[in-house]
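First up is the structure itself, then whatever we jot down about it.
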Amino acid sequence: RPQDRLLKVNGLSVQSWSHNSLLDYFRHLALANLNQPSEVEGELQVPLTLDIRRHGVEMTSPNSTMVESHIQTRLKIRNRRSVASNTLVRDMLLSYNRNEERKLRMSHNNNYLKVSPNSRNSVSIGPHTGGGSANCEVCWKIHHYRGGEGSNDGTPVILETPQGGNYIYVPTSTSSSPSIIPDSRHSELESLTSPDVRVFKLIRFDGTSQYSLKHLQTGKYISAGDNGEVVLISSN
């Protein structure tokens with residue numbers, strides 16, 4: 001549909017690709033070993049999966065949700081013409097799994113992700129100066145969900161502030177840093193089925209105990225800036 005955004009082709013992220021690069025990839029799709037094309041009665045059949053964000057939705061509040069769809073199909077190619085068949089479309093849905101309390105420490109130093117002491121609407125990086133769990137200013141409540149594109153792509157999560165009732169979110173795709181948003185719908189976390197601006201992917205690095213946090217809508221990662229601020233970067 002017009003304004004749909006293509007995210008992945010056969011599991012490969014193409015969000016930063018140019019239009020010409022995509023065209024070239026599709027022209028040579030049958031040559032990719034991972035696609036395992038087969039030939040049936042002179043007709044080349046190529047499996048194809050697409051991950052798209054429908055209608056180019058730009059979420060600006062937790063009340064707006066996006067729909068990501070996973071499309072599986074098979075291209076039948078004969079005489080340089082292709083026809084899609086056996087197409088299956090699945091919308092991305094979430095189901096609540098569990099929650100846990102976790103300190104989020106940056107990998108390159110001993111500072112933690114915390115609510116900024118200068119503004120309750122922003123997050124910053126700093127040392128853990130509080131006491132036990134009841135007074136822990138760096139102990140985030142992480143809500144885990146099932147769903148998304150598979151365990152290899154991370155777990156969908158929502159990060160609730162240590163004080164409770166507020167959440168990290170990214171307002172728009174042009175935002176340079178995440179923000180804190182108050183939300184009265186705490187009771188709806190367990191019934192949430194569609195991603196909104198609060199949803200991140202918690203992605204574990206292979207063979208380590210380290211994770212990254214990738215915002216689901218914008219594809220940007222949470223990182224530490226030079227002056228103790230929290231920034232969003234395009235690649236991890």
| said: Using the side-chain hydrogen bond (donor to acceptor under 3.5 Å, both in side chains) criterion, which residues pair with R102? Sequence neighbours excluded. | reply: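 Applying side-chain hydrogen bond (donor to acceptor under 3.5 Å, both in side chains) to R102 gives E100.
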| message | Tell me every residue that passes side-chain hydrogen bond (donor to acceptor under 3.5 Å, both in side chains) with S18, counting only those two or more places apart in sequence or in another chain. | response |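 Per chain and number, S18 pairs via side-chain hydrogen bond (donor to acceptor under 3.5 Å, both in side chains) with S21.
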Evaluate the side-chain proximity of [Y] to [X]: yes if any heavy-atom separation is below 4.5 Å, no if none is.
X: Y167; Y: L189; answer: yes
X: L232; Y: S176; answer: no
X: V230; Y: S223; answer: no
X: I158; Y: N99; answer: no
X: V123; Y: T161; answer: no
X: P195; Y: L94; answer: yes
X: S179; Y: N121; answer: no
X: L213; Y: L202; answer: yes

Would a hydrophobic clustering, with Ile, Leu, Val, Met, Phe, Trp and Tyr connected at side-chain separations under 4.5 Å, put [X] with [Y]?
X: L22; Y: L50; value: yes
X: W17; Y: L23; value: no
X: M106; Y: L104; value: yes

Can you measure from [atom1] ([X]) to [atom2] ([Y]) and round to the nearest 0.5 angstrom?
X: S212; Y: I203; atom1: OG; atom2: CD1; result: 4.0 Å
X: Y211; Y: I142; atom1: OH; atom2: CD1; result: 9.5 Å
X: H215; Y: K220; atom1: NE2; atom2: NZ; result: 10.5 Å
X: S95; Y: R146; atom1: OG; atom2: CZ; result: 5.0 Å
X: N97; Y: E190; atom1: CG; atom2: CD; result: 10.5 Å

| field | Electrostatic pair E101:K141 at N-O distance under 4.0 angstrom | value |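 No.
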Who pairs with [X] by side-chain contact (heavy atoms from CB on, under 4.5 Å), at least two apart in sequence or on another chain?
X: S177; answer: none
X: N111; answer: N109, I125, P127
X: S209; answer: none

| query | Going by the angle between their ring planes, with limits at 30° and 60°, are H128 and Y112 parallel, tilted or perpendicular? | reply |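 The arrangement is perpendicular - the two ring planes meet at more than 60°.
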| Mind checking what makes ring pair (Phe, Tyr, Trp, His ring centres under 6.0 Å) contact with Y145, not counting sequence neighbours? |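 Applying ring pair (Phe, Tyr, Trp, His ring centres under 6.0 Å) to Y145 gives Y96.
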Provide the closest heavy-atom pair for [X] versus [Y] in the form atom of the first, atom of the second, distance.
X: W140; Y: L113; answer: NE1-O, 2.7 Å
X: S124; Y: S116; answer: OG-CA, 3.4 Å
X: P162; Y: E137; answer: CG-O, 3.3 Å
X: G225; Y: V231; answer: N-CG2, 4.0 Å
X: K103; Y: C139; answer: CE-SG, 3.8 Å

| request: Please confirm whether R198 makes a cation-pi placement over Y169, using NZ or CZ under 6.0 Å from the six-membered ring centre and within 45° of the ring normal. | output: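 No, R198 and Y169 do not form such a contact.
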